[in-house]
Engineer: 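Handing you a structure now.
When a ligand or atom number is given, it counts from 1 through the structure's own listing order.
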Amino acid sequence: MPRLSTSLIRKASRTRPCLHLLLPECRNLEQAKLEYNWLTEELPPEKSIRWACLQRYKHVPLQYILRSQPFGPLDIICRPGVLIPRWETEEWVMELATTINNSTLINHAIPLHICDTFTGTGCIALALSHGIPNSTFTAIDVSKKAINLAKENMLKNRVSKGRLIRRDILSSNAGEEYPLHIDILTGNPPYVRRCDFNRDVKPSVRLFEPKLALVGELECYQDLVDHWLSKTDSFFYEIGDTDQFDYVERRIKDDFKLRQIWSIGLKYDSNGKPRVVYGFKNTSKGGILLQILPSFGTIMHLATALNKQEAYSKPKIKYKCNYI
Ligand SMILES: C[S@@+](CC[C@H](N)C(=O)[O-])C[C@H]1O[C@@H](n2cnc3c(N)ncnc32)[C@H](O)[C@@H]1O
């Protein structure tokens with residue numbers, strides 16, 4: 001990371017008191033001024049701006065100081081010990097809610113059940129439940145702090161049609177034992193590789209956000225394929241790079257039964273980074289998901305049984321890739 005110039009530090013401290021303390025995290029004057037304004041506007045009354053700038057100088061994340069983060073129309077309470085929702089997650093979640101809301105699923109008032117694994121603050125489950133009429137949800141996390149915070153977030157955002165479960169998803173067969181039929185399975189699992197954690201993760205994240213929420217190899221994606229696919233009609237799992245997408249796609253394409261019924265897509269975020277691996281069954285909700293979900297991202301594998309299916313007409317959508 002390039003060093004900050006002395007002239008920049010001087011300029012910042014002349015502009016506003018303590019502004020220079022924000023530079024190590026913000027890296028430039030414009031961003032520092034923006035953050036300074038947020039701090040002065042939203043800081044809890046008992047805290048001083050000097051205290052807040054000193055916290056930022058020590059790399060404490062802004063959301064832990066301000067105690068919240070906007071997520072779509074929601075205001076999500078944030079607290080140390082639970083991962084702060086990211087804009088990348090907000091982006092695909094809001095787009096998913098819009099895609100479903102614009103579809104015939106909603107026109108026909110078809111009830112949808114959402115299951116959100118690795119829920120953390122509950123941001124994904126709450127935003128989808130808030131945005132999709134006729135939906136109910138279950139949100140699961142192993143962390144007590146996360147489940148307690150998700151409960152507070154439900155109350156704060158007046159989202160009531162859901163329940164929270166504290167459970168270790170990976171070691172308890174949570175997928176196979178899940179008692180309900182799931183229409184939409186979502187998850188933002190820990191996916192930062194151990195070897196990348198110290199090298200690539202910035203200090204405010206490495207020092208202050210829970211490692212449990214961040215570090216993981218492919219085990220959550222393996223769990224998705226092994227234990228959840230039989231319970232759900234569609235899934236949307238956040239990814240950090242194409243390795244996780246490749247893993248899920250390969251597992252599905254290598255399995256004779258799975259490749260016949262599952263279509264697989266990849267969604268990029270607005271920074272051009274691979275962000276979501278998603279899939280939908282050709283039998284889902286009378287084939288309606290089949291018509292709406294291709295437009296969510298780029299279809300990389302279309303269920304091979306699709307052409308033989310007479311019950312569902314092939315969607316009138318031009319697929320962006322020719323892996324079909
Ligand atoms: C990347 S965070 C995602 C939080 C939230 N969904 C979001 O998008 O901001 C991953 C979450 O998974 C939880 N977690 C990690 N391992 C888990 C496991 N084996 N079973 C259940 N939850 C787990 C962590 O506690 C953390 O809240």
Engineer: Hey, does Ser143 come in under 3.5 Å of ligand 1, counting only N/O atoms on both sides?
Structural biologist: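 So ligand 1 has no N or O lying under 3.5 Å from an N or O of Ser143.
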
Engineer: Heavy atoms only, cut-off 4.0 Å: how does Thr121 contact ligand 1, side chain, backbone, both, or neither?
Structural biologist: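 Neither part.
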
Engineer: Describe, in one word, how the ring planes of Trp92 and Phe236 are oriented to each other, choosing from parallel (under 30°), tilted (30 to 60°) and perpendicular (over 60°).
Structural biologist: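 Plane angle under 30°, so parallel.
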
Engineer: Could you tell me whether ligand 1 has any atom less than 4.0 Å away from a heavy atom of Glu238?
Structural biologist: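 So Glu238 does not count as touching ligand 1.
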
Engineer: With the threshold set at 4.0 Å, does a side-chain nitrogen-carboxylate oxygen contact exist between Arg79 and Glu152?
Structural biologist: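 Salt bridge between Arg79 and Glu152, a charged N being under 4.0 Å from a carboxylate O: yes.
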
Engineer: Could an N or O of ligand 1 be found under 3.5 Å from any N or O of Val142, whether backbone or side chain?
Structural biologist: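 Yes; at least one N/O pair falls below 3.5 Å.
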
Engineer: Specify the protein heavy atom at minimum distance from atom 12 (O) of ligand 1: its residue, its atom name, and the distance to 0.1 Å.
Structural biologist: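 For atom 12 (O) of ligand 1, the nearest protein heavy atom is Phe118 CB, 3.3 Å.
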
Engineer: Under a 3.5 Å cutoff, is there a donor and acceptor pairing between the side chains of Glu238 and Tyr191?
Structural biologist: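 Yes.
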
Engineer: May I ask you to identify the nearest protein heavy atom to atom 1 (C) of ligand 1, giving residue, atom name and distance to one decimal place in Å?
Structural biologist: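 Among all protein heavy atoms, the one nearest atom 1 (C) of ligand 1 is Ala213 O, 2.9 Å.
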
Engineer: Starting from atom 5 (C) of ligand 1, which protein heavy atom do you reach first, and at what distance in Å?
Structural biologist: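 Closest protein heavy atom to atom 5 (C) of ligand 1: Thr119 O, 3.2 Å.
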
Engineer: What protein heavy atom lies closest to atom 9 (O) of ligand 1? Include the residue and the distance to one decimal.
Structural biologist: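 For this ligand atom, the closest protein heavy atom is Cys123 SG, 3.5 Å.
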
Engineer: For ligand 1, which atoms have a heavy atom of Thr89 less than 4.0 angstrom away?
Structural biologist: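 What qualifies from ligand 1 is 8 (O).
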
Engineer: Does Asp168, backbone or side chain, put an N or O under 3.5 Å from an N or O of ligand 1?
Structural biologist: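 Checking ligand 1 against Asp168, an N or O pair does fall under 3.5 Å apart.
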
Engineer: Are the side chain of Asn157 and the backbone of Val159 linked by a donor-acceptor contact shorter than 3.5 Å?
Structural biologist: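 No.
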
Engineer: Are side-chain heavy atoms of Asn134 and Leu112 found at a separation under 4.5 Å?
Structural biologist: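 The answer is no; the side chains never approach within 4.5 Å.
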
Engineer: Looking only at distance, does Ile169 have an N or O less than 3.5 Å from an N or O of ligand 1?
Structural biologist: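 Yes, at least one N or O pair falls under 3.5 Å.
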
Engineer: Test your reading of the model: is there a side-chain donor-acceptor pair from Asn153 to the backbone of Ile77, 3.5 Å cut-off?
Structural biologist: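 Judged by distance alone, yes, a pair lies under 3.5 Å.
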
Engineer: Can you confirm whether Glu249 sits close enough to Phe245 that some side-chain heavy atom of one is under 4.5 Å from a side-chain heavy atom of the other?
Structural biologist: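 A side-chain contact under 4.5 Å exists here.
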
Engineer: Less than 3.5 Å between some nitrogen or oxygen of Asp116 and one of ligand 1, yes or no?
Structural biologist: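 No, Asp116 has no N/O under 3.5 Å of an N/O on ligand 1.
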
Engineer: Under 3.5 Å, N or O to N or O, is Asn188 touching ligand 1 that way?
Structural biologist: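 There is such a contact, yes.
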
Engineer: Apply the side chain to side chain contact (heavy atoms under 4.5 Å, CB included) test between Thr119 and each candidate in Leu149, Ile165, Asp141; give the one that qualifies.
Structural biologist: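 The option that passes is Asp141.
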
